[in-house]
Asks: 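Below: one structure in structure tokens.
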Amino acid sequence: MRLYVLELKRLLKTRSVGILIIAALILSAVLSYLPVTYIQAYKTDKSGTIQVVTGIEAIKAKKADKKALHGEMTEAKIRETIADIKEVLKEYGSLERQNIPLDVYVKKVYSHLDIIAVLEQTIIPNGKNLYTLEYSDISEDDAKNVYTAYRENVQNLNKNPEVQKKINQMTKHIQIPLAYYSEFTTDQLDYYQIYLFLVMIFFMVIITPVFATEYQTGSDQILRCTKHGRFRLAITKIAVVFTLIFAVFAVGTTVFSIIMRILYGAEVFKNPLQMLGYLYYIPAFTVGKMYKVMVAGGLLSLVAVGASILFFSAKCKTVQSALICAFATAFVPMVIFTISNSRNILEILRCIFPTSGLAFMNSLEGELLARNFVQIGSGYYWTPYIIAIVAAIWIPVFLVITVVSYCKREA
């Protein structure tokens, strides 16, 4: 225990480590709030004047305007939306903001935008959208066909029958009718993924010197002559690193979660993913469950990355070479992602790095929202499963070879 405390103090007293840990915690608060600054809404003041508001005020305004739509998106609510937009189309011939008086747009169109997005993806004719819709394109009777059209479309998301079968198994658990609570978008999840990516980069800088610095200074030769200078010291260093990873991750994620809950409230976490702008996400997740999966997957991937960086630090002769190896594992999956073009072998390859769940473009969040399946043998597997399973396998593998590499290293 004394050795553990000494190693922990030594690492925390390093100036760069302290700066990066503080930066990670500050970024958690900043990135959790940043998406809110992009939100805009219309608000009517006491005098009846309509003005554009942003940020927290916009969230409150949207919740107030759309409160009647909260809860299950029933046929009655869909019918009401269709009735309102048909009334506007009949009077003005368009749903575009510039062609309609602002008060009419806010009351009859803007407040229904989320349900209109569902209509665009189900019963509105192909090639038509909010801006090209005509009066004859939709009727109130179409309200009863929305979920039927949705189920039919889900049955045809992939041309491969085996993959489509997997999709059907996943989407059958999506509860119909869908629920709706404003105001939440995937931007908030995107920024949490960005936060995880930045934390990963910070820990690459923190962890690479753990063993490699001693090689550069030659102090490892002295340590190896002591009673606990090999196996026990290696295990202690690993324990200290994982303590920092768990502590920073726990505090940072807690801060992010608390701010997000304060900003949006608890109801938005009941939203199904399908109501975040795209109806054909395949996981039967609410926003709350999606966030929990991202948190669990992020921690698993971060631990796997930490284990891999410890190995590079134990194997490389200098901090610089260990850092280059660490950065390579972070960016190679992104390079493969850009050139894969859905080729199966490259799709598999980009999912089997320790960093695959945290990479900027190739992330767990992106895979959860995508419909990517890879073929392994005769079976097809959803890429988030591959990322999670491989990350769990890498952790013990890298830890074992880290200890072996350090203990067997000769001066």
Side-chain angles (χ1 to χ4, degrees), residues 69-78 81 113-126 129 142-182 184-190 193 267-297 342 344 347-348 351 357 362-389:
L69 299 176
H70 286 185
E72 291 186 345
M73 193 175 67
T74 61
E75 181 181 330
K77 291 178 181 178
I78 297 172
T81 296
L113 284 180
D114 298 285
I115 294 181
I116 292 173
V118 172
L119 301 180
E120 286 178 328
Q121 299 172 70
T122 51
I123 59 174
I124 289 178
N126 289 336
N129 56 39
D142 290 330
K144 63 179 181 293
N145 300 323
V146 168
Y147 290 118
T148 302
Y150 167 68
R151 285 300 187 190
E152 289 175 355
N153 292 342
V154 166
Q155 298 292 322
N156 297 285
L157 291 177
N158 197 288
K159 294 179 180 179
N160 186 312
E162 292 299 318
V163 173
Q164 183 60 54
K165 185 178 178 180
K166 297 279 187 181
I167 292 174
N168 292 344
Q169 290 173 352
M170 296 173 67
T171 55
K172 72 179 182 182
H173 299 294
I174 296 173
Q175 292 186 2
I176 301 296
L178 297 170
Y180 170 71
Y181 300 92
S182 63
F184 196 91
T185 68
T186 55
D187 289 347
Q188 198 71 37
L189 301 177
D190 293 341
Q193 190 66 55
E267 278 193 332
V268 296
F269 294 97
K270 301 175 185 178
N271 258 339
L273 285 183
Q274 290 70 27
M275 289 302 295
L276 298 187
Y278 183 62
L279 202 55
Y280 300 104
Y281 293 133
I282 60 177
F285 291 170
T286 61
V287 168
K289 186 173 182 181
M290 175 71 174
Y291 182 63
K292 290 176 183 177
V293 170
M294 287 180 64
V295 169
S342 299
N344 191 67
E347 289 288 290
I348 295 173
C351 293
N362 186 85
S363 65
L364 180 61
E365 182 216 6
E367 297 306 308
L368 287 167
L369 297 179
R371 298 192 296 267
N372 296 324
F373 289 79
V374 295
Q375 183 178 8
I376 301 176
S378 60
Y380 289 85
Y381 303 90
W382 195 32
T383 50
Y385 293 150
I386 306 297
I387 291 173
I389 291 170

Asks: Say you draw a straight line from CG of N168 to CD1 of I282; how long is it, rounded to the nearest 0.5 Å?
Replies: 10.0 Å
Asks: Quickly, which of T186, T185, V268, L276 forms a side-chain contact (heavy atoms from CB on, under 4.5 Å) with V287? Name it, please.
Replies: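 The residue from T186, T185, V268, L276 that satisfies side-chain contact (heavy atoms from CB on, under 4.5 Å) with V287 turns out to be L276.
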Asks: Which distance, rounded to the nearest 0.5 Å, do you find between the OG1 of T171 and the CG of N153?
Replies: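 So the gap between those two atoms works out to 11.5 Å.
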Asks: Under 30°, 30 to 60°, or over 60°: which ring-plane class applies to Y280 and Y150, parallel, tilted or perpendicular?
Replies: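 Taking Y150 first and then Y280, their aromatic rings lie parallel (interplane angle under 30°).
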Asks: Return the minimal non-hydrogen interatomic distance between L189 and M294, and the atom names on each side.
Replies: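 The answer is O-CE, 3.5 Å.
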Asks: Work out which heavy atom in Q375 is nearest to a heavy atom in N344; give both atom names and the distance.
Replies: N-OD1, 2.7 Å
Asks: Pair D114, M73 - check side chain to side chain contact (heavy atoms under 4.5 Å, CB included), show working.
Replies: CA-CA 10 Å; D114 298 285; M73 193 175 67; over 6 Å; no
Asks: Sequence neighbours excluded, which residues qualify as salt bridge (charged side-chain N to carboxylate O under 4.0 Å, His left out) partners of E152?
Replies: none
Asks: For residues Y147 and L178, report the shortest heavy-atom separation together with the two atoms involved.
Replies: OH-N, 3.2 Å
Asks: What closest approach, in Å, do M170 and A284 show between heavy atoms, and which atom pair accounts for it?
Replies: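 Smallest interatomic distance, heavy atoms only, reads O-CB, 4.0 Å.
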Asks: In chain order, what residues pass the side chain to side chain contact (heavy atoms under 4.5 Å, CB included) check against T81, with sequence neighbours excluded?
Replies: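 T81: side chain to side chain contact (heavy atoms under 4.5 Å, CB included) contacts with H112, I115, I116, L119.
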Asks: Testing V374, V163, L368 one by one against W382 for a side-chain contact (heavy atoms from CB on, under 4.5 Å), which residue passes?
Replies: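 Running side-chain contact (heavy atoms from CB on, under 4.5 Å) over V374, V163, L368 with W382 returns exactly one hit, L368.
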Asks: Pairing donors with acceptors under 3.5 angstrom, does anything connect the side chains of N158 and Q164?
Replies: no
Asks: Does K270 qualify as a cation-pi partner of Y181, given the criterion of NZ or CZ under 6.0 Å from the six-membered ring centre and within 45 degrees of its axis?
Replies: yes
Asks: Are there more than 12 heavy atoms of other residues, nucleotides or ligands under 6.0 Å from atom CD of Q175?
Replies: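 No - once you tally the heavy atoms of other residues, nucleotides and ligands closer than 6.0 Å, there are 12 at most.
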Asks: If you look at every heavy atom in I387 and E367, which pair is closest and at what distance?
Replies: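 Scanning both residues completely, I find the closest heavy atoms to be CD1-CG, 3.7 Å.
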Asks: Grab the two heavy atoms, one from A179 and one from M275, that are nearest each other, plus how far apart they are.
Replies: O-CG, 3.1 Å
